[in-house]
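Please read these numbers as outputs of a predicted model, since none were measured by experiment.
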Amino acid sequence: MAQAINQTDMPSTFDYEEAEDRLYEWWESNGWFKPEVNKDGESFVVPMPPPNVTGALHLGHALFSSLEDLMTRYERMRGKAALWLPGTDHAGIATQLQVEKLLQSEGTSRVDVGREEFLARTWQWKEEKGGRIQAQLRKLGASCDWSRERFTLDDGLSEAVTEVFVRLWEQGLIYRGPRLVNWSPGLMTAVSDLEVESKEEEVLLYYFKYPLKDGGYLPVATTRPETILGDTAVAVNPEDERFKDYIGKTAIVPIIGREIPVIGDDYVDMEFGTGALKITPGHDFNDFELHEKHDLELINIMNRDATLNENAGDYAGMDRFDARKQLWADMEAADLTIKTEKYLTRIPRSQRGGEVVEPLVSTQWFIKMDDIAAKAVKAVREGDIKIVPERFTKVYYHWLENIQDWCISRQLWWGHRIPAWYREKDGDPEGEIYVGREAPKGDGWVPEEDVLDTWFSSGLWPMSTVGWPNEDTLDYQKHYPADVLETGHDILFFWVARMIMMGLWFTDKPPFHTVYLHGLVRDKEGKKFSKTIGNVIDPLDLTAEYGTDPLRFTLITSGTPGNDINLDVERVDYNARFINKIWNMIKLVNMNLDGELELGLPDKSELDIPSRWLVSRQQKLIQSVQKLFDNYLYGEAGNQILSFMWDEFAPWYLEIAKHNLYGENEAEKTKTRRVMVHVLDTCLRLLHPFMPFMTEEAWKYIPHDGEALIIAKWPESDATLIDEEAESQMMLIMDMIQAVRKTRKEYNVDPSKRITALVAPGSQRALLEKYDYAFGRLCNVATIELLADDAPAPENSASAVVRDSTIYLPLEGMLDVEKECERLTNEREKVTADIKKREGKLANAGFVNNAPEPVVQRERDSLAESQAELQKIDGLLASLCQ
RNA sequence: GGGAGAUUAGCUCAAUUGGCAGAGCACUUCGUUUACACCGAAGGGGUUGUAAGUUCGAGUCUUUCAUCUCCCACCA
């Protein structure tokens with residue numbers, strides 16, 4: 001097939017500002033983001049991790065979007081019906097907080113306006129702010145099918161949520177009851193274990209006297225004195241000689257005077273603190289367990305806003321931290337304190353609000369996780385799901401095998417309301433509970449106020465977005481299970497594990513076969529981005545300055561799977577220059593075309609050595625890239641493509657090709673054009689998933705087959721084009737050119753001076769004769785004169801040896817014999833050392849017998865080369881430096 | 001307390017199955033040759049954190065120690 005392209009209008013640089021939006025719109029309006037573009041292809045589905053609906057794009061989004069778009073574009077080019085399914089998450093707490101802040105700024109609050117008005121305001125907020133992140137993802141070139149965009153509060157997804165809740169209830173896996181939970185006083189809701197972050201902080205450890213009824217006291221230490229008011233026992237270790245006799249006696253709670261027992265339990269660490277432990281079952285998870293074990297009383301002393309309640313006596317109504325100070329002061333006055341000391345311990349704080357989380361007894365909904373988790377463990381263990389990188393499977397197992405029941409109720413308004421209703425019975429307003437898809441018939445039913453944890457709905461994402469629970473639809477059949485789930489390792493438990501559990505439990509199929517986990521993006525020094533440090537990098541600033549492609553390429557090539565990326569903006573700059581480089585390669589080719597050109601490579605037998613070399617090198621590149629892609633090693637693949645283009649194609653092939661392009665031989669000219677176009681075309685295809693905009697635009701400027709690069713075919717390697725002979729010969733030419741450049745430099749030969757070179761070609765007379773023009777172009781040699789095999793070394797010449805070929809540069813009066821001898825001697829030393837090393841290796845029977853044949857052969861070849869070089873150098877030394 | 005990762009050039013990072021340790025930035029010297037100065041040429045810079053082991057061969061596998069980071073866990 002012959003193709004012509006318009007050569008007149010190629011801009012001198014890639015104008016990303018102009019091109020990006022135009023290309024994106026073109027792709028999208030042609031339906032190329034839809035899986036239907038490859039109707040008959042195998043399905044490939046990537047569910048997008050739904051960003052918070054009102055969020056703004058950060059580098060984490062840019063990273064997932066770059067990787068997932070790469071995967072999607074790659075599979076699309078491979079002919080698959082690729083679907084990258086986008087959507088957003090309602091993000092219960094995060095969104096509710098933003099709207100509450102807004103209300104606060106208006107001088108009102110969610111309680112003031114009421115639930116209905118609050119939800120209306122939140123939907124309004126979502127409509128106003130919600131489009132932003134989608135627009136930003138478009139800016140990054142995300143080729144997702146926007147026509148299928150989903151939101152976790154959409155009707156269909158809400159139906160899935162209700163269905164799952166009701167089924168779990170019917171299966172007896174959901175229960176409700178008062179439990180000690182992590183309570184966030186600022187957010188006024190329960191939070192799950194995962195939403196609590198503990199960091200080491202310096203606090204005070206308070207030592208005090210626990211008075212005994214019979215007189216005397218037990219010394220006790222605590223970090224939270226206010227919880228003394230809720231104590232229902234004091235515990236000591238029964239092995240403890242100091243205290244064991246106190247077991248069974250009665251202690252008196254300081255200040256409020258309640259009587260409590262002294263108990264013995266080996267849980268108490270004799271070495272720590274005073275060796276005696278106060279027990280507060282209502283406000284401490286360990287103490288709660290002891291309370292169950294010893295049948296102790298449980299007293300709740302705290303309100304939902306972390307003020308103390310009526311059980312705290314005179315301290316009722318005080319904030320927990322004020323009460324702490326006041327109580328301690330009162331105890332000091334009563335001579336009940338011993339001392340305080342500084343103490344480093346982990347303080348649990350709410351991941352969202354940042355305030356100290358309080359263990360608090362409240363009535364919540366839970367899912368029994370054991371059976372569900374076991375299935376999820378099994379699926380990974382048996383290989384139905386693969387986690388990349390593999391090391392995270394261990395972390396995954398550990399969490400699932402020690403899983404706690406999941407507290408799914410949240411005392412929020414923004415979210416999926418729990419489908420439960422209560423009716424008064426025997427004086428208990430919640431005496432009767434109904435759980436169902438619809439409100440129950442009959443009078444007196446009051447709906448549950450609580451909503452579900454945000455992760456409950458996102459845990460259903462791969463199913464609910466394709467129509468579950470309606471499994472009969474074509475959409476569901478085709479797109480569930482999905483294929484790859486790509487996300488950050490920080491939400492392995494929050495999201496990935498829950499999707500796997502839910503997917504397996506309800507469909508009996510793993511929701512995807514591969515989990516690819518990326519790391520966190522950090523700054524150049526490896527610090528987390530933070531507004532307080534002021535090191536935040538906005539991806540959109542980078543795309544504005546450099547364009548989208550360099551950022552994408554940088555994020556993909558800056559790290560390895562699962563490891564954090566320290567983003568160095570210099571790399572974005574460098575990659576922007578790579579894009580410029582490619583653009584200019586295209587420009588060179590473009591301006592050297594003329595009319596129609598047949599596509600595809602000429603037959604190998606017609607190609608010259610540089611072409612055979614280039615094609616062979618590219619075949620190896622394709623093989624390597626394929627292998628890397630198969631193993632999700634996209635970063636290395638990108639680097640190899642860059643290296644091929646920048647270090648081989650551009651500086652060697654394109655320079656040498658100019659000889660044919662600017663020459664008169666039309667047949668050679670055409671062949672060279674075809675090779676250049678073909679190799680460049682292949683490079684653009686390989687690079688398209690990394691840098692979609694520039695490659696698509698550049699593709700227009702070379703002859704090509706097909707409407708758009710986004711739907712062009714992914715390159716496949718052809719092993720018959722690998723050509724070791726051509727690679728070896730080309731390597732000789734390149735080595736000789738580099739030797740000339742180096743020699744010229746060492747003698748300070750004016751770079752613009754076109755010199756003559758004499759060459760003793762050794763075994764490669766024909767090769768050097770044919771490609772002597774390469775020297776002219778690449779090391780500014782005017783003429784190459786091939787010497788007879790038996791010709792003596794020319795006088796007054798600097799020389800360089802490559803294998804069994806020697807190149808002489810006549811320097812007339814400029815040759816410094818002493819310097820030349822020094823150069824040759826240095827060279828000789830290097831070569832001798834090399835020979836010695838290789839001879840040693842080859843003399844080692846272990847090496848020769850055990851190493852794979854190609855490795856041994858390479859060693860032999862290199863040795864032969866070095867030996868030839870040594871012989872030549874010795875000849876030169878003998879004639880020049882006697 | 002348990003687990004994971006990292007440690008390679010001054011800085012940021014690569015190195016796919018063990019097979020001649022590489023890039024970019026920075027540095028030195030030089031050069032505008034009509035694709036590209038957003039470029040090109042030549043160069044300096046490494047005992048791959050430590051100590052041992054396995055192997056013909058180790059950045060890569062095993063073990064020790066050190067430093068840093070992260071995750072998990074109920075010591076007041």
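In this structure, Ile279(A) places its CD1 atom 15 Å from P of C75(B), rounding to the nearest Å. Leu778(A) places its CG atom 13 Å from the P atom of G40(B), with the value rounded to the nearest Å. Between the P atom of C75(B) and the CG atom of Asn237(A) lies a distance of 17 Å, rounded to the nearest Å. Rounding to whole angstrom units, CE of residue Met585(A) and C1' of U34(B) are separated by 18 Å. Distance, Asp490(A) CG to C72(B) P: 10 Å, rounded to whole Å. Summarising the geometry, the separation between CD on Glu859(A) and P on C20(B) is reported as 9 Å, rounded to the nearest angstrom. Protein atom CE of Met10(A) is 12 Å distant from nucleotide atom P of C36(B), rounded to whole Å. The distance from atom CG of Leu277(A) to atom P of C74(B) is 16 Å, rounded to the nearest whole Å.
When the C1' atom is used for both U34(B) and C20(B), the distance is 40 Å, rounded to whole Å. Straight-line distance between the C1' atoms of G22(B) and A15(B): roughly 7 Å, to the nearest whole Å. Comparing the C1' positions of G18(B) and C13(B) gives a spacing of 22 Å, expressed to the nearest Å. Taking the C1' atom of each, A14(B) and A37(B) are spaced 27 Å apart, rounded to whole Å. The separation of U47(B) from U7(B), taken at their C1' atoms, amounts to 16 Å, rounded to a whole angstrom.
In this structure, Arg617(A) is not positioned above the aromatic face of Trp652(A) in the sense of NZ or CZ being under 6.0 Å from the six-membered ring centre and within 45° of the axis.
Taking 4.0 Å as the cut-off between side-chain N and carboxylate O, Arg224(A) and Asp284(A) count as a salt-bridged pair. Remark: Arg349(A) does not engage Glu197(A) in a salt bridge, criterion side-chain N to carboxylate O under 4.0 Å.
A distance of 12.0 Å separates NZ in Lys627(A) from OG in Ser717(A), rounded to the nearest 0.5 Å.
Note on Tyr574(A): only backbone sugar-phosphate atoms sit closer than 4.0 angstrom, heavy atoms only; bases stay farther off. Residue contacts for Lys278(A): at a heavy-atom cut-off of 4.0 Å it reaches no nucleic acid atom on any strand shown. When heavy atoms are screened at a 4.0 angstrom cut-off, Tyr267(A) is found touching base atoms of the nucleic acid. Thr280(A) comes within contact range of no nucleotide atom at all, as no heavy-atom separation falls under 4.0 Å. Residue contacts shown for Pro854(A) are absent, as no nucleic acid heavy atom lies under 4.0 Å away. Residue Phe208(A) is out of contact with every strand shown, counting any heavy-atom pair closer than 4.0 Å. Looking at heavy-atom distances under 4.0 Å, Lys524(A) makes contact with sugar-phosphate atoms alone, never a base. Note on Gln640(A): a base of the nucleic acid sits closer than 4.0 angstrom, heavy atoms only. Counting any heavy atom pair closer than 4.0 Å across all strands shown, Tyr207(A) reaches no nucleic acid atom. Residue contacts shown for Arg777(A) are absent, as no nucleic acid heavy atom lies under 4.0 Å away. Among the protein residues, Arg346(A) comes within range of the nucleic acid bases, having at least one heavy atom under 4.0 Å from a base atom. Residue contacts for Asn850(A): at a heavy-atom cut-off of 4.0 Å it reaches a base atom on one of the strands shown. Using a 4.0 Å heavy-atom criterion, one finds that Thr274(A) contacts no nucleic acid atom at all. Counting non-hydrogen atoms under 4.0 angstrom, Asn844(A) reaches the backbone sugars and phosphates but no base.
Trp646(A) has a side-chain polar atom (N or O) that falls below the 4.0 Å cut-off from OP1 or OP2 of G40(B). The phosphate of C71(B) has neither OP1 nor OP2 within less than 4.0 Å of any side-chain N or O from Lys394(A). Listed pair Arg391(A) / A4(B) fails the phosphate criterion, with no side-chain N or O lying under 4.0 Å from OP1 or OP2.
Put simply, the side chain of Glu390(A) and the base of A4(B) share no donor and acceptor less than 3.5 Å apart. Below the 3.5 angstrom threshold, one finds a donor paired with an acceptor across the side chain of Lys627(A) and the base of U17(B). Residue Arg571(A) places no side-chain atom within donor-acceptor reach of the base of C13(B), judged by atom type and a 3.5 Å distance cut-off alone.
Checking Ala276(A) against Pro852(A), the closest nucleotide of RNA chain B that is more toward the 5' end is the one next to Pro852(A). The residue among Glu655(A) and Lys745(A) whose nearest nucleotide of RNA chain B lies closer to the 5′ end is Glu655(A).
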Quiz item: Would Tyr16(A) and Phe693(A) satisfy side chain to side chain contact (heavy atoms under 4.5 Å, CB included), going step by step from the backbone distance to the final call?
Solution: CA-CA 8 Å; Tyr16(A) 61 86; Phe693(A) 291 116; over 6 Å; no
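Between the side chains of Tyr267(A) and Asn286(A), at least one donor N or O sits under 3.5 Å from an acceptor N or O.
Ring geometry, Tyr516(A) versus Tyr634(A): the interplanar angle falls from 30° to 60°, so the pair is classed tilted.
Put simply, the side chain of Glu200(A) never gets that close to the backbone of Arg346(A): no donor and acceptor are under 3.5 Å apart.
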